[in-house]
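These notes concern the structure reproduced below.
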Amino acid sequence: MKKPTLATIWLDGCSGCHMSFLDMDERLLEIAERADIVYSPLIDAKEYPTAVDICLVEGAVSSEDDLERIMLVRERTRTLVSFGDCAVTANVPAMRNPIGVQPLLDRAYVENVTLHPGIPLEVVPALLPMARPVHRVVEVDVFLPGCPPSADLIYQALVDLLEGRTPDTSAARFGR
Ligand code: SF4
């Protein structure tokens with residue numbers, strides 16, 4: 001029987017949620033037995049597949065690159081999980097929202113720089129006016145808060161999803 005497909009992506013986040021994913025340790029083997037991991041920063045896949053069953057999305061939508069990726073991922077994914085506080089509330093990335101894009105870039109790339117100050121116009125994706133939680137941009141099916149969500153919580157949520165249940169995330173807590 002064909003296994004369900006599982007993906008993870010990383011938008012504007014610190015990678016801590018993916019580190020917590022890795023903290024599932026030996027349970028990763030069980031997840032890999034039960035699902036085909038088809039796309040993730042943790043594997044060497046370059047293109048997001050056309051039909052994915054479950055995708056964990058870490059991070060807020062902060063740049064034009066994030067926006068393009070989340071639109072494509074939503075279109076190609078059956079169950080989209082907002083994975084961690086940055087995805088669920090915009091959390092740390094949203095700290096820049098009251099500052100405004102231009103003053104932020106000036107501070108980071110010009111005022112605080114002694115060698116070659118200048119705002120990058122290539123390679124670094126352009127920032128959107130605000131960092132936004134994923135559900136403010138596309139529809140989200142499951143919310144998994146935590147900064148990061150614990151490995152136990154991630155494991156239980158994945159098992160529930162792989163067995164066709166809506167995960168019980170009542171043990172999840174914002175900020176830890
Ligand atoms: S929720 Fe916390 S651990 Fe996850 S990406 Fe954001 S800051 Fe990092």
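Atoms within a ligand are numbered from 1 in the order they appear, just like the ligands themselves.
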Original post:
Under 4.0 Å between a Lys/Arg side-chain N and an Asp/Glu carboxylate O for Arg173 and Asp85?
Top reply: no
Subject >> N, O or S from Cys86 under 2.8 Å to atom 8 (Fe) of ligand 1 >> reply: no
Original post:
Under 6.0 Å from the CD atom of Glu111, do we count more than 12 heavy atoms belonging to anything else shown?
Top reply: yes
Subject >> Taking every non-hydrogen atom, the tightest pair across Arg74 and Thr79 >> reply: NH2-N, 4.3 Å
Subject >> Closest protein heavy atom to atom 8 (Fe) of ligand 1, given as residue, atom name and distance to 0.1 Å >> reply: Cys14 SG, 2.3 Å
**OP:** Please state which part of Met19 comes within less than 4.0 Å of ligand 1, counting heavy atoms only: side chain, backbone, both or neither.
**Re:** neither
**OP:** Could you tell me which atoms of ligand 1, counted from 1 in the order shown, lie closer than 4.0 angstrom to a heavy atom of Gly13?
**Re:** 5 (S)
Subject >> Gly146 heavy atom under 4.0 Å from ligand 1 >> reply: yes
Original post:
Would Leu56 and Leu72 show up in the same hydrophobic cluster when neighbours are defined by side-chain heavy atoms closer than 4.5 Å?
Top reply: no
Subject >> Closest protein heavy atom (residue, atom, distance) for atom 4 (Fe) of ligand 1 >> reply: Cys17 SG, 2.3 Å
Original post:
Could you go step by step and tell me if Asp12 and Arg132 meet the side chain to side chain contact (heavy atoms under 4.5 Å, CB included) rule?
Top reply: CA-CA 10 Å; Asp12 190 3; Arg132 287 181 291 171; over 6 Å; no
Original post:
Are any non-hydrogen side-chain atoms of Pro125 and Asp66 less than 4.5 angstrom apart?
Top reply: no
**OP:** May I ask you to list the atoms of ligand 1 that are less than 4.0 angstrom from any heavy atom of Glu58?
**Re:** 5 (S)
**OP:** Specify the protein heavy atom at minimum distance from atom 2 (Fe) of ligand 1: its residue, its atom name, and the distance to 0.1 Å.
**Re:** Cys147 SG, 2.3 Å
